[in-house]
Amino acid sequence: NDSGEPETISDEVVYAGVSGNVSGTWTAANSPYVITDDITLQYDDTLIIEPGVEVKFFGRHYFDIQGYFLAIGNETDSIKFIPAVNSDNSRGQWKGLRFFETDKNAELSYFVLGYAGSNNSPHAGINVYGKSNGAITKLSNGLVYGSTSGSINLSTHNGMAGKDTIRIDNVEIYEND
């Protein structure tokens, strides 16, 4: 700097982050999972996320969920979806979770989701685009904060309204645009 005052300069580097298609089991022992590009749980795949896992987004990336998704934390060990670097608490640091219209169940329970969403399109921190053939999307015991374009967006597509089952229970929402 030009003033002669000391200053700290820092930078973040991620090696071997997660990108592309995901499936399997994400364990607390291997946490955090650092997302370095958009990720997708494909229709025929399953992803189980164990209590205590941190999913950290290094950049403005989506997590698209089309397959069977089970992310259940517990009262003392929630699952976190947060930015990898959060120096200024700004909103929309990553683009959010998108549960797509499929016949696969999805459950997210005992979770924390922070600073997600996109100002470039109507996407909130969590987006649920309907289900079919009796499939259920369940969100419970969670906290959603600091998101742009709202916290949770629910919509139905292609006349699926009579078949959608979306359950939200005990999800706290605050400081969202």
Side-chain angles (χ1 to χ4, degrees), residues 18 21-28 30-33 35 38-57 61-83 92 94-118 121-177:
V18 178
N21 294 334
V22 297
S23 62
T25 301
W26 289 3
T27 65
N30 290 325
S31 182
Y33 292 82
I35 310 308
D38 293 345
I39 59 174
T40 301
L41 173 60
Q42 293 289 336
Y43 177 82
D44 289 325
D45 290 333
T46 297
L47 179 63
I48 298 170
I49 302 178
E50 294 182 345
V53 168
E54 289 188 351
V55 182
K56 294 185 173 188
F57 290 80
H61 307 297
Y62 283 114
F63 186 169
D64 290 340
I65 300 162
Q66 301 168 5
Y68 179 73
F69 179 78
L70 187 63
I72 301 177
N74 59 52
E75 289 183 29
T76 59
D77 221 1
S78 61
I79 297 169
K80 295 179 181 174
F81 299 88
I82 55 177
W94 62 284
K95 291 186 177 178
L97 304 179
R98 300 190 299 184
F99 294 89
F100 281 93
E101 183 179 322
T102 71
D103 59 356
K104 305 291 185 180
N105 290 334
E107 184 171 355
L108 178 59
S109 186
Y110 291 99
F111 68 94
V112 174
L113 186 139
Y115 302 109
S118 174
S121 58
H123 296 294
I126 299 174
N127 303 277
V128 181
Y129 299 109
K131 291 292 180 179
S132 62
N133 297 324
I136 298 170
T137 298
K138 181 179 178 185
L139 308 173
S140 63
N141 302 304
L143 171 63
V144 180
Y145 65 94
S147 295
T148 59
S149 298
S151 53
I152 300 174
N153 173 38
L154 307 176
S155 64
T156 59
H157 291 237
N158 303 323
M160 301 299 295
K163 299 178 184 176
D164 292 349
T165 303
I166 302 168
R167 295 181 184 156
I168 301 175
D169 181 44
N170 195 33
V171 176
E172 183 178 345
I173 299 170
Y174 74 94
E175 295 182 8
N176 298 284
D177 289 344

Do Leu41 and Phe100 have side-chain heavy atoms sitting under 4.5 Å apart? no
Within this structure, what is the CD-OG1 distance for the pair Glu50 and Thr25, rounded to the nearest 0.5 Å? 6.5 Å
Between Phe57 and Trp94, what is the ring plane arrangement, given parallel below 30°, perpendicular above 60°, and tilted in between? parallel
Minimum-distance pair of heavy atoms, taken over all atoms of Lys104 and Gln66: CG-O, 3.6 Å
Derivation of the side-chain contact (heavy atoms from CB on, under 4.5 Å) call for Phe111 and Ile49: CA-CA 11 Å; Phe111 68 94; Ile49 302 178; over 6 Å; no
Out of curiosity, Arg98 CZ to Ile126 CD1, how far, rounded to the nearest 0.5 Å? 14.0 Å
Applying side-chain contact (heavy atoms from CB on, under 4.5 Å), run through Val112 and Tyr145 and close with a yes or a no. CA-CA 8 Å; Val112 174; Tyr145 65 94; 3.5 Å; yes
Which heavy atom of Ser31 sits nearest to which heavy atom of Glu54, and what is that distance? OG-N, 2.8 Å
Calculate, to the nearest 0.5 Å, the distance between atoms OG1 and CG belonging to Thr137 and Asn105 respectively. 7.5 Å
In Å and rounded to the nearest 0.5 Å, what is the NZ to CG distance from Lys138 to Asp169? 7.0 Å
Restricting to non-hydrogen atoms, name the atom on Gly114 and the atom on Pro83 that form the minimum distance, rounded to 0.1 Å. O-CD, 3.5 Å
Return the minimal non-hydrogen interatomic distance between Ser109 and Ser140, and the atom names on each side. OG-OG, 2.8 Å
Between atom CD1 of Ile72 and atom CG of Asp77, what is the distance when rounded to the nearest 0.5 Å? 13.5 Å
Give me the atom names and distance for the closest heavy-atom approach of Gly52 to Ile79. N-CG1, 4.4 Å
With a 3.5 Å distance limit and no angle check, can you tell me whether Asp38 reaches the backbone of Tyr62 through a side-chain donor-acceptor pair? yes
Side chain Tyr33, main chain Thr27, donor-acceptor under 3.5 Å: yes
Heavy-atom closest contact (Asn141 atom, Val171 atom, distance): N-CG2, 4.3 Å
So CZ of Phe69 and CZ of Phe99: to nearest 0.5 Å the spacing works out to 5.0 Å
Using modelled atom types and a 3.5 Å cut-off, is there a donor and acceptor pairing between side-chain atoms of Asn127 and backbone atoms of Leu97? yes
